[in-house]
Amino acid sequence: QVQLVESGGGLVQPGGSLRLSCAASGFTLDYYAMGWFRQAPGKEREVVSCISSSDGITYYTDSVKGRFTISKDNAKNTVYLQMNSLKPEDTAVYYCATSHPRRWVISCPSGRNEYNYWGQGTQVAVSS
C-alpha cells in the first residue's frame, strides 16, 4: 500500500527556515519522481519542486528558486524540502506526492496530474 507521510511543518518568522520530510512506504524512490506542492487558502494547489528518480534532476518554481532545496535519501525512502529565507507568501499546506506507478528517470513532471499518490499535508505558517 502506497503511503506518504509529511512532517516538519510549523510556525516560523520571516527569514527563518524549516525542513519538511516525506516518508514513503509501499514503494521505493528508485524509479519514481517525487514532488512537493503547496496550497494556500483560497488558491489552487501549485507545484513547488520535484526531483527525478535518477541523478537527482530537480525543478523549482520561480518563486522559491535559491531559497528551497529538494533532496532525497533512497536508503531511508524519504524526500526532503529544505526551506530557507521563508516569506509570508510561503504560508500554505505543503503536500508530498509521487508519480508511482509511472516511472520518471531523467526528469520530473511539474503538473499535478502526473502525480498519483499524495500525503495528508503539513501546515507551514510564516508570520511575525
Glu89 atom CD, over 12 foreign heavy atoms within 6.0 Å
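Atom CD in Glu89 is packed in, count exceeds 12.
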If only atom types and distance count, is the side chain of [X] paired as donor or acceptor with the main-chain N or O of [Y] below 3.5 Å?
X	Y	answer
Arg102	Thr98	no
Thr91	Val126	yes
Asn84	Ser17	no
Asp90	Val124	no
Gln120	Glu6	yes
Thr122	Gly9	yes
Lys72	Ser52	yes

Charged N to carboxylate O under 4.0 angstrom, Asp62 versus Lys65?
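Here Asp62 pairs with Lys65 in a salt bridge, since their nearest N and O are under 4.0 Å apart.
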Measuring only between side-chain heavy atoms, which start at C-beta, is [X] closer than 4.5 Å to [Y]?
X	Y	value
Arg38	Arg45	no
Met34	Ser53	no
Asn74	Thr28	no
Pro109	Tyr115	yes
Val47	Tyr59	yes
Phe68	Ile70	no

When you check the side-chain N and O atoms of Asp73 and Thr78, is any donor under 3.5 Å from an acceptor?
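On atom types as modelled, these side chains do not qualify, holding no pair under 3.5 Å.
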Going by the angle between their ring planes, with limits at 30° and 60°, are His100 and Tyr117 parallel, tilted or perpendicular?
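Ring orientation of His100 relative to Tyr117: tilted.
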Assess whether side-chain hydrogen bond (donor to acceptor under 3.5 Å, both in side chains) is satisfied between Arg103 and Tyr31, documenting all intermediate values.
CA-CA 5 Å; Arg103 297 189 178 190; Tyr31 303 109; 5.2 Å; no
Taking side-chain contact (heavy atoms from CB on, under 4.5 Å) as the criterion, tell me which of Gln123, Met83, Gln39 meets it with Tyr94.
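Output: one option passes, namely Met83.
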How close do Leu81 and Ser49 get, counting heavy atoms only, and between which atoms?
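Heavy atoms only, the tightest pair is CD1-CB, 4.3 Å.
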Partners meeting ring pair (Phe, Tyr, Trp, His ring centres under 6.0 Å) with Trp118 (sequence neighbours left out):
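By the ring pair (Phe, Tyr, Trp, His ring centres under 6.0 Å) rule, Trp118 matches Phe37.
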